[in-house]
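Just so it is clear, the structure is predicted and the values come from calculations on it, not from any experiment.
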Amino acid sequence: MESLKSELSLVLGETVGRLETISEQSPTRLYALYERHDKPMPLMLSLAAAGYMKCC
């Protein structure tokens, strides 16, 4: 999870403080992202088991 936060921080240009799992339905997971001051980021991330990312 820490490497995912690091990679997302690099791509987004902002520090991701935490990820919160919203839903886990095989084969994907849906996450809410929060910045380092625990303010929600206006972005959700869906990760598939195969490693593909979809942002919405």
Q | Closest non-hydrogen atom pair, Y31 against L19 | A | CD2-CB, 4.0 Å

(Q) If you compare all heavy atoms of A32 against all heavy atoms of I22, which two are closest, and at what distance to 0.1 Å? (A) CB-CD1, 3.6 Å

Q) How many angstroms lie between CE in M41 and CZ in R18, if you round to the nearest 0.5 Å? A) 12.0 Å

Q | Set of salt bridge (charged side-chain N to carboxylate O under 4.0 Å, His left out) partners for E35, sequence neighbours left out | A | none

(Q) According to a hydrophobic-cluster definition based on side-chain heavy atoms being under 4.5 Å apart (Ile, Leu, Val, Met, Phe, Trp, Tyr only), do L33 and L4 belong together? (A) yes

**Q.** salt_bridge(K5, E7) N-O dist < 4.0 Å
**A.** no

Q: Compare every heavy atom of Y34 with every heavy atom of E20, then report the nearest pair and how far apart it is.
A: OE1-OH, 3.6 Å

Q.
Applying side chain to side chain donor-acceptor pair (under 3.5 Å), can you list everything that pairs with T15, at least two apart in sequence or on another chain?
A. R36

Q: List for me each residue that meets side-chain contact (heavy atoms from CB on, under 4.5 Å) alongside E24, sequence neighbours excluded, and say none if there are none.
A: T21, R29

